[in-house]
Each structure stands twice: as structure tokens, then as C-alpha cells.
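See below for the structure under consideration.
Residue numbering restarts at 1 for every chain, and letters A, B, ... go by the order of the sequence lines.
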2 protein chains.
Amino acid sequence: MNPEAPFHTNLQPLFQYFETFQNLSSDSKDRMASICSTVQIPKNKDLQSIGHTCRTIYFVRKGLCRVYYYKKGVDITESFALENSLIARVESLFTGKPSKKGIQTLEDSEFIGIASPALFDLYDQFPEIERLFRKIFEAAYVETVHRIENIQFHTAEERYNDLIKNSPDLLQRVPLKHIASYLGITQVSLSRIRAKY
Amino acid sequence: MNPEAPFHTNLQPLFQYFETFQNLSSDSKDRMASICSTVQIPKNKDLQSIGHTCRTIYFVRKGLCRVYYYKKGVDITESFALENSLIARVESLFTGKPSKKGIQTLEDSEFIGIASPALFDLYDQFPEIERLFRKIFEAAYVETVHRIENIQFHTAEERYNDLIKNSPDLLQRVPLKHIASYLGITQVSLSRIRAKY
DNA sequence: AGTCCTTTTTAACATATGTAAAAGGATTCC
DNA sequence: GGAATCCTTTTACATATGTTAAAAAGGACT
């Protein structure tokens with residue numbers, strides 16, 4: 001890595017992502033940069049482990065990860081995050097309670113971590129940063145509402161076809177067992193659905 | 001109603017609700033009050049109809065309502081709102097797109113409507129109002145995430161028992177057909193579950 | 001190539017939920 | 001009070017998904 005390059009350079013994809021929601025002054029960007037750090041994690045390792053309180057919001061710069069937890073001893077995938085998206089365990093981030101969920105890489109990955117306590121402090125000085133994250137999480141909230149409709153009122157087969165259409169990448173990059181639990185069905189059931197095609 | 005009473009008086013339960021998230025200056029409260037209005041709706045009427053863009057956030061002061069929509073011609077209840085809670089069709093509120101959902105009363109009800117375009121304008125002048133609603137919707141987001149876990153990884157019977165435990169009121173006040181679609185099952189299936197007890 | 005380990009598929013059976021139709025109860029309205 | 005309507009339950013049958021176990025396929029490593 002070029003030692004001359006300002007740290008900003010590494011954060012470029014993140015700031016580009018931010019701009020789709022809200023423009024930031026260069027002052028805000030500097031302060032944001034000061035609370036970000038990059039981290040590299042090999043495949044199949046935990047980025048955040050189960051039981052710890054979520055104090056970092058991650059931006060996926062390279063690779064792929066999933067949020068997972070155990071329900072009655074069974075490994076369940078709650079969500080995936082591909083490049084150029086944010087991931088956090090919001091139920092812990094917003095409540096301050098320890099999370100029952102972990103984040104695990106599914107490929108060698110690179111993240112930009114945003115320290116959330118520092119971020120929440122910045123909200124006081126920079127309303128535009130607070131607004132940025134308000135908008136980011138509002139959009140995430142809307143996605144979650146759509147996901148409920150999708151889960152509750154479509155069959156597993158319809159949901160699988162949706163996934164193929166909307167995230168064909170995932171099918172190539174993620175073991176089917178994780179896809180199955182993400183869809184809310186067993187591996188066996190997913191296999192049966194796939195056998196139809 | 002006492003004509004001497006300031007309009008504030010009517011809004012007391014709403015401001016009390018706000019305080020559980022964020023305190024407001026009296027200036028902010030005055031401005032909030034200026035964008036609120038009360039509305040009374042008889043039982044089984046639409047408060048907001050399908051197809052219109054959501055531009056009002058409602059606080060239920062009295063009564064009970066549900067958000068519903070049609071999926072393949074079948075009436076589906078997405079959520080209920082009891083007294084002292086907010087209800088909005090967030091997928092429309094935050095995107096500006098027409099909503100496929102409506103809000104219907106299930107009893108004679110009384111609401112406080114908050115005009116959302118005016119609210120979003122207030123955000124610029126009053127960061128504490130923006131913060132208040134950020135926190136409100138963050139909490140709603142967390143609830144929605146929990147709901148997904150509940151739907152996806154519990155059987156209909158477990159979800160029904162959860163509902164009895166957590167919202168026994170609903171069972172008394174809402175027709176079972178709405179409960180059934182809220183739980184993601186048919187009336188017949190709910191009837192079978194109930195027959196076990 | 002061969003072994004080990006993980007992932008995916010297949011099979012057989014059990015269970016839960018859906019669909020359609022009918023009957024019984026409850027409520028509303030005149 | 002009676003008719004009409006809506007709500008809930010029941011029945012019978014169809015289908016989807018779960019469970020368990022075993023086989024097959026694929027990857028990783030020596």
C-alpha cells in the first residue's frame with residue numbers, strides 16, 4: 001500500500017456509498033475517517049463473535065459475510081452482506097445488549113469498521129452525519145419490512161426463485177446449507193426444490 | 001372539549017410517548033404540536049387507503065387498527081397497533097412511493113396524525129426532533145428484526161402461544177381471521193391449533 | 001491416486017399446513 | 001324478532017416441508 005496515500009484513499013468506496021444517501025462536508029468526512037479502521041479476515045472466520053455487544057458497523061470492501069446464530073442448536077443464517085454494503089447486528093447496536101448473533105466471513109474479506117460509540121458522539125457535532133445514518137437505517141428498515149412480506153407470504157420455492165433472480169452471486173459463492181437456513185427451510189427441502197429444475 | 005385548553009392538552013399522551021425516547025424543548029414541542037391533528041374513525045373504516053402515499057404518521061390515542069394489504073387477492077394483516085403506539089406504512093413513508101397497504105380501524109378509534117412532510121422540514125431546524133424520530137424508527141427496526149426471527153424459526157403454534165403471552169388483548173379485540181393472516185397461516189390452521197387447548 | 005472431510009442429494013416416512021366445502025354460531029340491521 | 005351477513009369451526013383430502021439415514025459428489029491434503 002502506498003504510504004503517501006492519505007487514509008481517506010482506503011475509505012473511498014465507503015464515502016461513495018454514503019453519497020448515495022447524503023453528501024458530507026469535507027470536515028465531516030475527516031471526522032468520519034478518524035473513527036474508521038480497516039480489517040482483513042480470512043475465509044470462515046468470525047469477524048464478530050456471538051455474545052459480544054455490537055460496537056462496530058462494518059462496510060464490506062471485499063469478500064462476503066453472513067450474520068448467523070444458533071436456534072435450538074442449529075446454525076441459522078440471518079442475512080448476507082456482499083461488497084459495498086453495510087452490516088451490523090442492529091438488535092445489539094441499538095439496544096446496547098450483547099448480541100446472540102455473530103458475523104462470519106464466507107470468503108477472504110476486507111472490511112472498514114466504523115466505531116459506533118464514536119459515531120454516536122459525532123452525531124452531536126455533525127447533524128449531517130446523524131442524518132446520513134438515519135437515512136441508511138431507514139432504508140435498511142424498509143428492506144426488512146419487505147423481507148417479512150417475502151418470508152411470510154411466499155412459499156420456499158418462490159423465495160428461492162427470488163433469490164436466484166435478485167442475488168445470483170450468492171448462489172455461486174455461498175454453501176447451500178446457509179442459503180437454506182436463510183430461506184427458512186432445511187437443506188433437504190432446498191435440495192428438493194433445486195431438483196425440479 | 002374544553003375550548004380554553006390549549007391544543008397541547010390533547011397531545012399529552014403523544015408527548016409522553018416521545019419522552020421515553022428523547023426529551024424535547026418546549027419550543028420543539030410547540031412546533032411539533034403545530035403539525036399534529038386529531039382524527040376520529042369509526043370501527044372497520046380505512047384511516048389510510050391502499051394506493052396512496054403515506055404522508056402521515058399516526059399515534060393511536062384510543063382504539064385499535066391494523067396495516068393490511070392484498071396478496072393474490074387475499075386480505076393479509078401485516079401488523080396491529082394498540083393504544084399508545086405509532087403506526088405508519090414505512091415502506092411508503094421513507095421511499096415516497098404509493099403504498100400497497102392500507103390502515104383500517106378494528107374499533108372506534110382516535111388518532112393523532114403527524115404530517116410527515118412538515119415533520120421532515122422540522123428536522124432541519126430542530127436536530128432534537130430528527131433525533132427523536134431516528135430513535136423511534138431504530139426501535140421499530142429492531143422489533144422488525146425480532147419479528148423475522150420469530151416468523152422464520154418458530155412454528156405457527158409457537159407463534160400463536162407467543163401472541164397469547166405477549167398481547168393477550170389482541171385475542172380479545174381482533175377477529176381470528178386477522179390474527180391468522182398476521183401469524184402467516186390460514187384461519188383453518190389457526191382453528192386447529194386452538195382446538196388443541 | 002487415495003484418504004478424509006464436508007457438502008449435497010436422494011429415499012422413506014411423519015407431520016404440519018393448505019384448500020374447499022359445509023355447518024354452526026355470532027352479530028348486525030331492519 | 002327474524003333475515004342476512006359475517007365469523008369460526010369441522011371434515012376430508014392434497015401438498016409441502018420436516019426428520020432421519022444413507023449414498024453420492026466434491027474439495028483439500030498428503
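Under the 3.5 Å distance criterion, the side-chain polar atoms of B:Arg61 are matched with a main-chain donor or acceptor of B:Asn10. Of the possible donor and acceptor atoms, none in the side chain of B:Ser28 sits under 3.5 Å from a partner among the backbone N and O of B:Ser26. Distance alone, capped at 3.5 Å, places no donor-acceptor pair between the A:Thr105 side chain and the A:Asp108 backbone. Formation of a donor-acceptor pair under 3.5 Å by the B:Thr144 side chain with backbone atoms of B:Ala140 is found in this model.
Taking the charged nitrogens against the carboxylate oxygens, B:Lys101 and B:Glu91 do have a contact shorter than 4.0 Å, which makes a salt bridge. One finds no salt bridge joining B:Asp162 and B:Arg147 here, because no Lys/Arg side-chain nitrogen approaches an Asp/Glu carboxylate oxygen to under 4.0 Å. B:Arg134 has a carboxylate O that lies under 4.0 Å from a charged side-chain N of B:Glu138, or vice versa, which qualifies the two as a salt bridge.
One can place CD of B:Glu157 at 12 Å from C1' of C:dT17, the figure rounded to the nearest angstrom. Following rounding to the nearest Å, A:Lys43 (NZ) and D:dG27 (C1') show an atom-to-atom distance of 10 Å. The CD1-C1' distance, from B:Ile193 to D:dT10, rounds to 15 Å in whole Å. Put simply, CG on A:Asn44 is 13 Å from C1' on C:dT7, counting in whole angstrom units. The separation between B:Ile151 atom CD1 and C:dT17 atom C1' is 16 Å, rounded to whole Å. At whole-Å resolution of the value, NE2 in B:His154 and C1' in C:dA16 are 16 Å apart. Atoms CZ (B:Arg194) and P (D:dC7) sit 15 Å apart, rounded to a whole Å. In this structure, the CD atom of A:Glu107 is 15 Å from the P atom of D:dG27, given to the nearest Å.
Using modelled atom types, one finds a donor on one side chain and an acceptor on the other under 3.5 Å when comparing B:Tyr160 with B:Arg194. No side-chain donor from either of A:Ser116 and A:Arg55 sits under 3.5 Å from a side-chain acceptor of the other.
Base engagement by B:Arg192 is indicated by at least one non-hydrogen atom pair under 4.0 Å involving a base atom.
Within residues 184-191 of chain A, the residues approaching DNA chain C are A:Gln187, A:Val188, A:Ser191, by heavy-atom distance under 4.0 Å. Interface residues of residues 169-179 of chain B facing DNA chain D, ordered by number: B:Pro175, B:Leu176, B:Lys177; criterion, heavy-atom separation under 4.0 Å. For the contact set between residues 65-72 of chain A and DNA chain D, defined by any heavy atom under 4.0 Å, there are no members.
Judged by the 6.0 Å and 45° rule, B:Lys100 forms no cation-pi pair with B:Tyr69.
Side-chain contact between B:Ile151 and B:Leu183: absent, with no pair of heavy atoms (C-beta onward) separated by less than 4.5 Å.
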